Amino acid sequence: MRYLIILFLMLFATVQAVVASDLNKEKRWADQIVDALIDGEPEWLQAGDQKFLAIYTEAEEESTKGMIVVHGTGVHPDWEQVVKPIRVDMASHGWNTLSIQMPILR
């Protein structure tokens with residue numbers, strides 16, 4: 001299941017890669033997030049020649065259920081007020097989650 005989600009995201013990201021993104025800011029945010037990450041594991045996905053961060057949080061009990069968590073403008077895949085609580089709480093309810101870094105537009 002995890003690999004199907006990653007495959008879907010890679011295809012989705014390929015389409016999104018044509019949008020002008022602030023790659024330097026994405027990298028800075030990704031570095032900060034990975035350094036501070038407590039819940040979940042960093043996963044690096046690739047679209048064309050661009051790598052981007054995703055956070056995989058495995059369900060507390062074995063599960064085939066999965067969901068993708070997407071943040072809004074101006075935040076990141078470990079957004080403390082919304083994204084992090086969703087991905088951590090869903091994992092405690094039997095859902096594997098993948099939170100992805102959306103392009104930061106210039």
Side-chain angles (χ1 to χ4, degrees):
M1 178 67 166
R2 178 178 180 183
Y3 297 106
L4 289 175
I5 292 172
I6 291 172
L7 177 62
F8 170 79
L9 288 174
M10 290 172 62
L11 293 172
F12 176 75
T14 301
V15 173
Q16 295 298 318
V18 297
V19 176
S21 180
D22 187 340
L23 300 176
N24 291 328
K25 186 172 186 176
E26 284 180 29
K27 181 169 180 353
R28 284 193 312 271
W29 277 15
D31 291 343
Q32 293 170 359
I33 292 165
V34 169
D35 286 345
L37 195 59
I38 295 172
D39 297 301
E41 295 295 325
E43 296 284 341
W44 293 97
L45 305 180
Q46 188 153 347
D49 61 349
Q50 296 179 8
K51 286 177 33 176
F52 62 96
L53 176 65
I55 303 169
Y56 178 72
T57 309
E58 192 168 342
E60 292 178 6
E61 297 179 10
E62 190 171 330
S63 175
T64 58
K65 297 186 289 186
M67 66 183 297
I68 299 169
V69 182
V70 181
H71 62 80
T73 303
V75 291
H76 55 74
D78 198 35
W79 181 19
E80 194 72 33
Q81 288 78 23
V82 177
V83 177
K84 183 177 181 178
I86 289 172
R87 64 181 187 76
V88 172
D89 287 347
M90 293 308 290
S92 70
H93 288 92
W95 287 80
N96 299 296
T97 66
L98 188 68
S99 176
I100 61 172
Q101 175 63 57
M102 298 301 292
I104 299 172
L105 302 180
R106 293 181 200 199

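Here the structure is a predicted model, which is why all the values come from computation and not from measurement.
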ask   = For the atom pair CD (E26) and CD (Q101), what is the distance rounded to the nearest 0.5 Å?
value = 5.5 Å
query = What are the two closest non-hydrogen atoms of S63 and G94, and how far apart are they?
reply = OG-O, 2.6 Å
message = So does Y56 get a backbone contact from the side chain of N96, meaning a donor-acceptor N/O pair under 3.5 Å?
response = no
query = For G40 and I55, which heavy atoms make the closest approach, and how far apart are they?
reply = CA-CG2, 4.2 Å
query = Which residues satisfy the side chain to side chain contact (heavy atoms under 4.5 Å, CB included) test with D31, sequence neighbours excluded?
reply = K27
key: Sequence-distant partners of A91, side chain to side chain contact (heavy atoms under 4.5 Å, CB included), two or more places apart   = T57
query = Just by distance, with hydrogens left out, do W79 and Q81 show a side-chain donor and acceptor under 3.5 Å apart?
reply = yes
query = Transitively linked via ILVMFWY side-chain contacts under 4.5 Å: V88 with L37?
reply = no
ask   = Can you pull the salt bridge (Lys or Arg N to Asp or Glu O under 4.0 Å) pairs that have at least one residue in residues 67-76, sequence neighbours excluded?
value = none
message = Quick check for you: to the nearest 0.5 Å, what is the distance between K65 atom NZ and M90 atom CE?
response = 7.5 Å
key: Residues which pass ring pair (Phe, Tyr, Trp, His ring centres under 6.0 Å) with H76, listed by chain and number, not counting sequence neighbours   = W29
Sequence neighbours excluded, every pair satisfying ring pair (Phe, Tyr, Trp, His ring centres under 6.0 Å) that has a member inside residues 80-101 = none
task = Find out whether V69 and P77 are in side-chain contact, i.e. whether some heavy atom of one side chain is under 4.5 Å from a heavy atom of the other.
result = no
ask   = Applying salt bridge (Lys or Arg N to Asp or Glu O under 4.0 Å), which residue pairs with at least one partner in residues 85-97 are found, sequence neighbours left out?
value = D78-R87
ask   = So L53 and W44, side chain to side chain contact (heavy atoms under 4.5 Å, CB included) or not? Walk me through it.
value = CA-CA 5 Å; L53 176 65; W44 293 97; 3.9 Å; yes
task = State the OG-CG distance between S99 and D39, to the nearest 0.5 angstrom.
result = 12.0 Å
inquiry  = With a 3.5 Å distance limit and no angle check, can you tell me whether Q32 reaches the backbone of V34 through a side-chain donor-acceptor pair?
reply    = no
